[in-house]
Amino acid sequence: MSNALAKDRLRKRFARWDVDGNGLLELEDFKQEAARIAAGFGATPDSPGVQALHGAFEALYTHLAEQSGSSAQAGISEQSFLQVTEQLLFAEGEAAFNRALSPVVKALVTLSDSDGDGMLNASEFEAWLSGIGLPRTEAAETFRKIDENGDGQLSEDELLRVVREYHYGRLDVELLG
Ligand SMILES: [Ca+2]
Ligand SMILES: [Ca+2]
Ligand SMILES: [Ca+2]
């Protein structure tokens, strides 16, 4: 497939994660992104979901920095980010993508899952969208697209699949803001 769409989405992802807009991804950007999302959920800093979210974003940053061959302090340029993430998507494949992103998805499920059953129902999914800062206007339609097995609940696997398919350019549902 053409990966022009995937590349476009990765550029957008870079800009989103470069919170201070200095053209480099740095650990501080990822800490701030985790803090922004935690604030969006109105969660207290010591709640398990917030701790998991910080851990997941910091691990993701460390992974990307290692893969890009730059030291964690130096930061990751857009060009390196595109190389590393394209490698992840198109060479290493879905299992590697899942390993890199599943802790983030898992933490977001923890933050959204108010009844604690490990799955998101429709109102818990709306909490995900507003926590991330996404509009809730098409929440019901989006929910149906994610709920692949149609059981009325979103599992971590279903959510992770959608994050992955978005970055492959195979689905138009953006879940990470
Ligand atoms: Ca930055
Ligand atoms: Ca639930
Ligand atoms: Ca389901």
Side-chain angles (χ1 to χ4, degrees), residues 10-37 40-43 47-50 52-54 56-85 94 98 101-102 104-134 136 138-166 170-171 173 175-177:
L10 289 170
R11 282 214 176 87
K12 190 172 150 239
R13 167 68 42 220
F14 180 91
R16 171 67 66 153
W17 279 346
D18 179 18
V19 175
D20 67 359
N22 70 347
L24 286 172
L25 296 186
E26 298 141 306
L27 181 57
E28 192 55 32
D29 292 320
F30 280 58
K31 286 183 174 173
Q32 284 189 30
E33 176 67 357
R36 177 189 77 81
I37 294 170
F41 279 97
S47 79
V50 172
L53 190 67
H54 275 280
F57 267 102
E58 287 174 31
L60 181 59
Y61 176 75
T62 304
H63 177 72
L64 293 172
E66 274 170 6
Q67 296 296 310
S68 74
S70 57
S71 77
Q73 283 78 21
I76 305 165
S77 68
E78 185 187 60
Q79 195 189 356
S80 298
F81 177 76
L82 292 176
Q83 271 170 9
V84 167
T85 48
E94 299 187 359
N98 291 351
L101 265 300
S102 73
V104 172
V105 169
K106 205 182 257 290
L108 291 169
V109 168
T110 303
L111 284 164
S112 312
D113 182 20
S114 28
D115 68 10
D117 68 352
M119 313 273 279
L120 302 190
N121 61 31
S123 72
E124 291 167 341
F125 178 62
E126 288 199 22
W128 171 305
L129 294 176
S130 52
I132 295 281
L134 291 166
R136 288 193 276 174
E138 291 171 15
E141 194 194 333
T142 305
F143 189 96
R144 280 193 297 275
K145 281 186 193 163
I146 303 170
D147 184 16
E148 194 178 25
N149 68 357
D151 67 351
Q153 298 279 338
L154 306 183
S155 66
E156 279 174 24
D157 282 349
E158 286 173 330
L159 290 156
L160 182 58
R161 175 182 63 89
V162 169
V163 171
R164 191 180 67 225
E165 298 301 280
Y166 174 79
R170 296 193 291 235
L171 255 185
V173 179
L175 285 179
L176 296 183

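Counting starts at 1 for both ligands and their atoms, in listed order.
For residue Gly23, no N/O/S atom approaches the Ca ion (ligand 1) to within less than 3.0 Å. Ser155 lies apart from the Ca ion (ligand 3) in this respect, since none of its N, O or S atoms is found at a distance under 3.0 Å. Residue Glu28: no N/O/S atom is found under 3.0 Å from the Ca ion (ligand 1).
With the Ca ion (ligand 2) at the apex, Glu124 OE2 and Asp113 OD1 define an angle of roughly 80° (rounded to 10 degrees). Angle OD1 (Asp147) to the Ca ion (ligand 3) to OE2 (Glu158): 90°, rounded to 10°. Rounding to 10 degrees gives 80° for the angle at the Ca ion (ligand 2) between OD1 of Asp117 and O of Met119.
Glu124 places a side-chain N or O within 3.5 Å of a backbone atom of Asp115 that can act as its donor or acceptor partner. A donor-acceptor contact shorter than 3.5 Å links the side chain of Asp29 to the backbone of Glu26. Looking at Arg36, its side chain does come within 3.5 Å of a backbone N or O of Ile132 through a donor-acceptor pair.
Here the straight-line distance linking atom CG of Leu120 with atom CD1 of Ile146 works out to 9.0 Å at 0.5 Å rounding. Considering CZ of Arg161 and CD of Glu94, their distance stands at 10.5 Å, rounded to 0.5 Å.
Asp20 has its closest N, O or S atom to the Ca ion (ligand 1) at the position named OD1. Counting just the N/O/S atoms of Asp29, the one with the shortest distance to the Ca ion (ligand 1) is named OD2. Within Asp151, the N, O or S atom lying nearest to the Ca ion (ligand 3) carries the name OD1. The N, O or S atom of Glu26 lying closest to the Ca ion (ligand 1) is OE1. If you look at Asp18 and ask which of its N, O or S atoms sits nearest the Ca ion (ligand 1), the answer is OD1. For Asp115, the N, O or S atom with the smallest separation from the Ca ion (ligand 2) is OD1.
Residues Tyr166 and Leu175 form no side-chain contact, since every pair of their non-hydrogen atoms from C-beta on lies 4.5 Å or further apart.
Residue-environment remark: CZ (Arg16) stays at or below the threshold of 12 foreign heavy atoms within 6.0 Å.
The aromatic rings of Phe30 and Trp17 sit tilted, their planes meeting at an angle between 30° and 60°.
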